[in-house]
A.B. asks: 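The structure is given below, and queries will be raised subsequently.
In the text below, chain A, chain B and the rest are named by the order of the sequence lines, each starting its count at 1. Owing to the predicted nature of the structure, the values given are computational and were not obtained by experimental measurement.
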Protein chains: 2
Amino acid sequence: MAVQGAACGIYDCAQCEHLAKGLCSGCVNANSSLIESHDSACAVYECVSKKAISGCSNCGETACTLKRDVESLCPMRSRYENSRWWAGRMALAMESRRTVARVNNKRQISERVITRLRCYLTALDGLAKEGMSNVSSWRLAERVGVNAALIRKDLSRFGDFGVPSFGYRVDFLIERIRDILGLDRRSKVIWIGAVSLSLQAASINRLCNHSCEITAVFDIDAEQIGETILGLQVLSLDDIGQVLAHADIHAAIIAIPGPEAVAVSERIVSSGITAILNLSGETLNVPDTVRVSNFDLVGELLELCYYSRP
Amino acid sequence: MAVQGAACGIYDCAQCEHLAKGLCSGCVNANSSLIESHDSACAVYECVSKKAISGCSNCGETACTLKRDVESLCPMRSRYENSRWWAGRMALAMESRRTVARVNNKRQISERVITRLRCYLTALDGLAKEGMSNVSSWRLAERVGVNAALIRKDLSRFGDFGVPSFGYRVDFLIERIRDILGLDRRSKVIWIGAVSLSLQAASINRLCNHSCEITAVFDIDAEQIGETILGLQVLSLDDIGQVLAHADIHAAIIAIPGPEAVAVSERIVSSGITAILNLSGETLNVPDTVRVSNFDLVGELLELCYYSRP
DNA sequence: TAGATTGTTAATCGATTAACAATC
DNA sequence: TAGATTGTTAATCGATTAACAATC
């Protein structure tokens, strides 16, 4: 730990602007609910969003600098969450991070928009199959189940795809959305969990139509390794570094059940994966730079129970 | 069709306030993009949200009444979507429907809140397993990855579960959330798609801990019927009426791929199912009174491609 | 041309967050 | 008592919708 002996305060990682909490061991009694599970010396790092004990949980950097001015402002037993001071620091840190995200482009398009775009794409594929050559925002809206104005707004963000009084050409719009989602060039993804993949054979076809391809299958179950699923040999997770080194792969599906999924996620992230679809139901612990999309079947079923009450 | 020979206008179903569009065949040329796939006589019903050709797609009622005053207001070639008049009708219809929903209780709690509650529950289960007996909103927030104020707000909606300066008792909070989600009494759900269920054995345990039980398995694949999965004999969908008649079951998981899922959903809804988790990737066509939650694996993968672009 | 439908701005709506008095 | 943390109100933020001039 770099900041040994530092006073009670709140720290920023000099490397990545990740905000961490530092608790002085002198606060043990006063602030017991925050510190009870840790017993290190004077400076215990406690990340707001992640729960790291040492160093910055975001970038792994341990040379975090203590902002000295903190000492005078932060009382020994500060009210972290609600203090104006903390709120200010928090807002500042979030703002700076947001700016970085904005510069790195992308993330400024909200996740909702991306989700809707792929829904439009699915609907348009259907329309094309039915032989429709053009469609109005209103008709597409009806099909997808959203407001027509929202569709026009979503699309106009990326260019003028429509023609007033005529609508949108179906084939052209499909082309453009595929372009936006990056489906214009072949994408490769890896699948972790052999058994679950064998089930999805039916979906894989639809996937291939969109130049998205499952390139490799991994498993942690020794019994599965070596088997062949959908024409792919199941590999050990030990081979992942090798596979990713030789190909342009950044996306993975974690489809193994249980807590092992957490370790698997850490492993694949360190091998270069930047987007994960997590079907394990576990909460993954990955850097902010990695995009995780969660689907928890059990959680969904519990929700279902709520909605099914008579 | 009940309103044969009606003029060009917009109709309400007298039965359920469902709003439908009526197009006069006289508009064919003017409004071709809207009517091209239909060739019926003067009054073609075209539901705003569903795409029904005859009768009210919401309640099946065919005795829809034409509001005669419409004739004078709606020009032969009206601008449906943007006219103030249409907007007014729409708002009115939506409002009346919303009122009904509010009276039937439930839906006033937003879906987001329900989703978060089950996330809190999962986190609390974890805390309980780790031996924590109490937790502050701040600490729980850290674990779930949301704002502490939001947790307090969500929970306070249902009662005063916390104690100032102390936080929340973990076991008590688990109890309360289970109660809110209706997990305090045994819930039964049916699963459609034998093969996919066989995969989920690992998840089913977690499910049982929450008094949610998969009671019956159905399939449309003759080869699967009669097999035994997780101790349940796979039944034909023809038996569904019989099964639902004898038990208090209102929730179903559709886990078969392909367009057959649409017909299946219509069938189970008519047998009394009111909540569906749809894993088929197809867009289901069910009344507003049925709650559908969709998960489309292929769609999620397409999104993943977007986020994985370097 | 007349009418339909777009792209876009302003208005609305709902959800999240900040702040703080009340409370243990 | 002093300090921590709740429940709740007001402020902010973002997403959706309505409206309409521009355009084909």
A.B. asks: With sequence neighbours left out, write down each residue that passes side chain to side chain contact (heavy atoms under 4.5 Å, CB included) with A/S293, or none if nothing qualifies.
C.D. replies: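 Once residues adjacent in sequence are excluded, the partners of A/S293 under the side chain to side chain contact (heavy atoms under 4.5 Å, CB included) criterion are A/L277, A/R291, B/E300.
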A.B. asks: Not counting sequence neighbours, which residues clear side chain to side chain contact (heavy atoms under 4.5 Å, CB included) with B/R169? List them please.
C.D. replies: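 With sequence neighbours excluded, B/R169 shows a side chain to side chain contact (heavy atoms under 4.5 Å, CB included) to B/S133, B/F166, B/D171, B/F172, given in chain and number order.
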A.B. asks: Under the side chain to side chain donor-acceptor pair (under 3.5 Å) test, which residues partner A/D296, sequence neighbours left out?
C.D. replies: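 Counting only residues at least two positions away or on another chain, A/D296 forms a side chain to side chain donor-acceptor pair (under 3.5 Å) with B/R206.
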A.B. asks: If the condition is ring-ring contact (aromatic ring centres under 6.0 Å, His included), which residues does B/F295 pass it with, not counting sequence neighbours?
C.D. replies: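 B/F295 satisfies ring-ring contact (aromatic ring centres under 6.0 Å, His included) with A/F295 only.
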A.B. asks: Give the nucleotide from the list C/dT16, D/dC24, C/dA10 with an atom nearest to the side chain of A/K153.
C.D. replies: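 The answer is C/dA10, which lies nearest to the side chain.
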A.B. asks: Among D/dT5, C/dG7, C/dT8, which nucleotide sits nearest the side chain of A/Y168?
C.D. replies: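 Per side-chain heavy atoms of A/Y168, the pick is C/dG7.
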A.B. asks: Near DNA chain D, counting only heavy atoms under 4.0 Å, which residues of residues 115-125 of chain B show up?
C.D. replies: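 Per residue number, the list is empty: none.
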A.B. asks: Return the set of residues passing side chain to side chain contact (heavy atoms under 4.5 Å, CB included) with A/I180 (not counting sequence neighbours), or none when no residue passes.
C.D. replies: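 Side chain to side chain contact (heavy atoms under 4.5 Å, CB included) check on A/I180 returns A/L117, A/F158, A/F161.
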A.B. asks: In whole angstroms, how far is the P atom of C/dT16 from the CZ atom of B/R152?
C.D. replies: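 That distance rounds to 15 Å.
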A.B. asks: Please figure out whether A/D154 or A/V163 has its closest DNA chain D nucleotide nearer the 5' end.
C.D. replies: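 The residue mapped nearer the 5' terminus is A/D154.
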A.B. asks: If you only use heavy atoms from C-beta on, which nucleotide in C/dG7, C/dT17, C/dT5 is closest to the side chain of A/P164?
C.D. replies: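 Shortest atom-to-atom distance from the side chain points to C/dT5.
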A.B. asks: Side chain of A/S110 only, heavy atoms from C-beta on: which candidate in C/dA19, D/dA15, D/dA18 is closest?
C.D. replies: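 Of C/dA19, D/dA15, D/dA18, D/dA15 is nearest to the side chain of A/S110.
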A.B. asks: Where the side chain of A/S156 is defined as all heavy atoms beyond and including C-beta, which of D/dT5, C/dG7, C/dT6 is the nearest nucleotide?
C.D. replies: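 My answer, after comparing the listed nucleotides, is C/dG7.
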A.B. asks: For B/W138 and C/dA19, give me the distance from atom CH2 to atom C1', rounded to whole Å.
C.D. replies: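 B/W138 atom CH2 is separated from C/dA19 atom C1' by 18 Å.
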A.B. asks: Which residues satisfy the side chain to side chain contact (heavy atoms under 4.5 Å, CB included) test with B/T115, sequence neighbours excluded?
C.D. replies: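 Here the qualifying residues are A/E303, B/R118.
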A.B. asks: Looking at residues at least two apart in the chain, or sitting in another chain, which of them share a side chain to side chain donor-acceptor pair (under 3.5 Å) with A/R176?
C.D. replies: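 Here the qualifying residues are A/D179.
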A.B. asks: Can you list the stems that include DNA chain D, where a stem is three or more consecutive Watson-Crick or G-U pairs with distances under 3.5 Å?
C.D. replies: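 In DNA chain D, stems of three or more pairs: C:3-24 with D:3-24.
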A.B. asks: Could you tell me whether B/F161 contacts a base, only the sugar-phosphate backbone, or nothing, with contacts defined as non-hydrogen atoms closer than 4.0 Å?
C.D. replies: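 Counting heavy atoms under 4.0 Å across all strands, the contact made by B/F161 is with sugar-phosphate only.
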